[in-house]
Amino acid sequence: MRLKELLHYTYIIPVLAVLYYFSGWMGGGVLYDIIAGLLLTGSVLSAVHHAEVVAHKVGEPFGTIILALCITIIEVALIISLMVAGGDQAITLARDTVFAAVMLILNGILGICILVGGVKYYEQFFARTSATTYLVSIVSILVLTLVLPNFTSSVNGPFYNEAQLTFVSIACLVIYGIFLMVQTVRHRNYFTIPEEHPEELYIPSFAKTLISFVFLVICLGIVVLMAKGLSTTIENMVQSFGAPKSLVGVIIAAVVLLPEGVAAIRAARNNQIQSSLNLALGSALASIGLTIPAVSMVCIAYDIPLVLGLDKKDIILLSLSVFIVMLSLSRGKTNILYGTVLLVNLATYIFTVIVP
């Protein structure tokens with residue numbers, strides 16, 4: 001690679017973020033936290049760039065899978081680190097963050113992608129079989145993890161006992177594992193649309209791909225560390241506004257999903273709505289299908305109680321979101337109305353978090 005390419009912000013900012021984090025300046029005051037927030041945002045955007053370089057090299061659908069898995073790793077690391085540090089006070093953090101991530105993806109990322117694509121191209125087309133495959137898996141895992149705990153009788157409240165938690169974790173992994181096999185082997189054609197001009201596709205060299213992969217790992221690592229370092233500031237900010245603690249989960253999920261969202265919206269603007277769907281729905285599936293089992297294992301190991309069941313209001317909002325997404329993706333084409341309705345659902349969710 002040329003020196004000019006290495007001086008791009010996607011290489012410089014992650015290095016600066018690492019140096020800033022280990023300098024010990026974080027937490028020194030408002031100005032220091034603002035700088036940390038800017039570096040964290042820059043690292044997230046850098047992660048998007050490097051993930052896209054890797055994605056161009058490996059092709060679809062593997063590229064979107066890599067980014068979705070990277071986002072899930074960030075989410076799992078953040079939730080586990082905050083839960084272990086917070087103990088019993090963080091028993092709802094996993095549920096709130098996973099629920100927020102699903103709502104932000106289904107209503108926010110998907111809504112913006114459909115709206116942006118609809119404004120620019122009027123209609124965009126995708127493979128209906130891919131949407132159906134995603135949604136079948138997502139709906140099953142959502143009910144098993146966030147709804148069913150409210151209706152079991154072995155433990156009072158929105159909890160699973162250890163045996164139930166283990167079973168549900170295995171069920172999530174089985175569904176996600178079979179989905180990956182379908183997506184990458186048996187029915188890979190469901191998730192790809194042939195390029196009109198394949199000769200124009202950019203394929204990076206092996207050396208550049210390897211460097212981007214290394215920087216992708218660096219970006220993901222520093223995002224986790226800096227977000228954890230800023231968690232106290234975020235909690236204090238939420239408390240100062242008098243907002244419920246569940247808003248912390250929304251903020252964490254929004255930070256974690258920023259790379260996914262930027263990449264999906266960029267794809268929609270380039271008339272690649274299939275890639276947008278792969279990114280958004282793939283991230284939603286990985287978020288619940290992998291995060292819940294990982295968090296469950298930690299909670300069992302450390303004997304931390306884990307609240308999973310949603311309250312009635314959130315179950316209604318989740319049901320509405322899933323139903324609207326299913327209707328929006330049932331015809332294989334999109335328009336601005338679908339995107340607008342999804343964004344209204346997102347606004348309703350965030351408003352009811354702040355004003356329950």
Side-chain angles (χ1 to χ4, degrees), residues 47-76 101-102 105-106 109-110 113 124-142 144-145 169-196 198 201-206 208-210 212-214 216-217 220 256-257 259-261 263-264 266-268 270 272-294 325-326 329 332:
V48 174
H49 168 79
H50 295 298
E52 287 183 339
V53 172
V54 176
H56 280 300
K57 185 67 175 179
V58 300
E60 286 292 340
F62 297 101
T64 52
I65 291 174
I66 289 173
L67 186 52
L69 291 177
C70 289
I71 300 305
T72 304
I73 291 170
I74 294 178
E75 184 178 14
V76 169
V102 171
I105 292 168
L106 294 184
I109 295 177
L110 208 55
C113 288
Q124 290 181 300
F125 300 87
F126 58 90
R128 283 185 295 175
T129 47
S130 67
T132 302
T133 307
Y134 277 118
L135 291 172
V136 164
S137 306
I138 289 172
V139 171
S140 176
I141 295 179
L142 280 174
L144 289 176
T145 56
S169 298
I170 294 172
C172 291
L173 293 175
V174 168
I175 292 174
Y176 188 72
I178 297 300
F179 170 82
L180 281 185
M181 184 184 70
V182 168
Q183 186 182 27
T184 59
V185 181
R186 294 185 67 91
H187 301 287
R188 184 178 173 182
N189 59 303
Y190 287 2
F191 306 89
T192 59
I193 291 180
E195 297 286 344
E196 294 183 3
L201 291 178
Y202 165 68
I203 300 179
S205 65
F206 175 79
K208 185 170 183 177
T209 304
L210 181 61
S212 284
F213 180 76
V214 171
L216 176 61
V217 173
L220 297 179
V256 169
L257 292 171
E260 197 86 45
R266 188 180 298 173
N270 293 331
Q272 297 173 335
I273 193 66
Q274 183 66 60
S275 294
S276 297
L277 291 180
N278 291 346
L279 283 164
L281 297 180
S283 181
L285 181 57
S287 178
I288 51 175
L290 298 179
T291 300
I292 296 298
V325 169
M326 292 175 69
L329 303 181

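Any value given below was found using the heavy atoms of this structure, including those in side chains, with hydrogens, waters and symmetry copies removed. It should be emphasised that the depicted structure is a prediction, and the values quoted were computed from it without experimental measurement.
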Taking C-beta and beyond as the side chain, do [X] and [Y] meet within less than 4.5 Å on heavy atoms?
X: I273; Y: F125; result: no
X: L110; Y: L281; result: yes
X: I288; Y: C172; result: no

Open item on the list: Test of understanding: with ring pair (Phe, Tyr, Trp, His ring centres under 6.0 Å), list the residues that count as partners of Y190, not counting sequence neighbours.
Closed with: H187
Suppose we screen for side chain to side chain contact (heavy atoms under 4.5 Å, CB included). Which residues come up paired with [X], at least two apart in sequence or across chains?
X: V174; value: I170, I178
X: L180; value: I65, Y176, Q183
X: A171; value: L144

Open item on the list: Applying side chain to side chain donor-acceptor pair (under 3.5 Å), can you list everything that pairs with S130, at least two apart in sequence or on another chain?
Closed with: Q274
Task: Residues in side chain to side chain donor-acceptor pair (under 3.5 Å) contact with S287, at least two apart in sequence or another chain - done: E75
- [ ] Give the ring-plane orientation class for Y134 versus F191, where under 30° counts as parallel, over 60° as perpendicular and anything between as tilted.
- [x] perpendicular
Exercise: identify the closest heavy-atom pair between [X] and [Y]:
X: L257; Y: S283; answer: CD2-OG, 3.7 Å
X: Q124; Y: Q272; answer: NE2-N, 4.3 Å
X: I175; Y: S140; answer: CD1-OG, 3.4 Å
X: I138; Y: A284; answer: CD1-CB, 4.1 Å

- [ ] Kindly compute the distance separating CG (L290) from CG (L285), expressed to the nearest 0.5 Å.
- [x] 7.5 Å
Open item on the list: Could you check whether any side-chain N or O of T133 sits under 3.5 Å from a backbone N or O of T129, counting only pairs where one atom can act as donor and the other as acceptor?
Closed with: yes
Open item on the list: Is it the case that the side chain of S276 and the backbone of A268 share a donor-acceptor pair, with hydrogens and angles ignored and the cut-off at 3.5 Å?
Closed with: yes
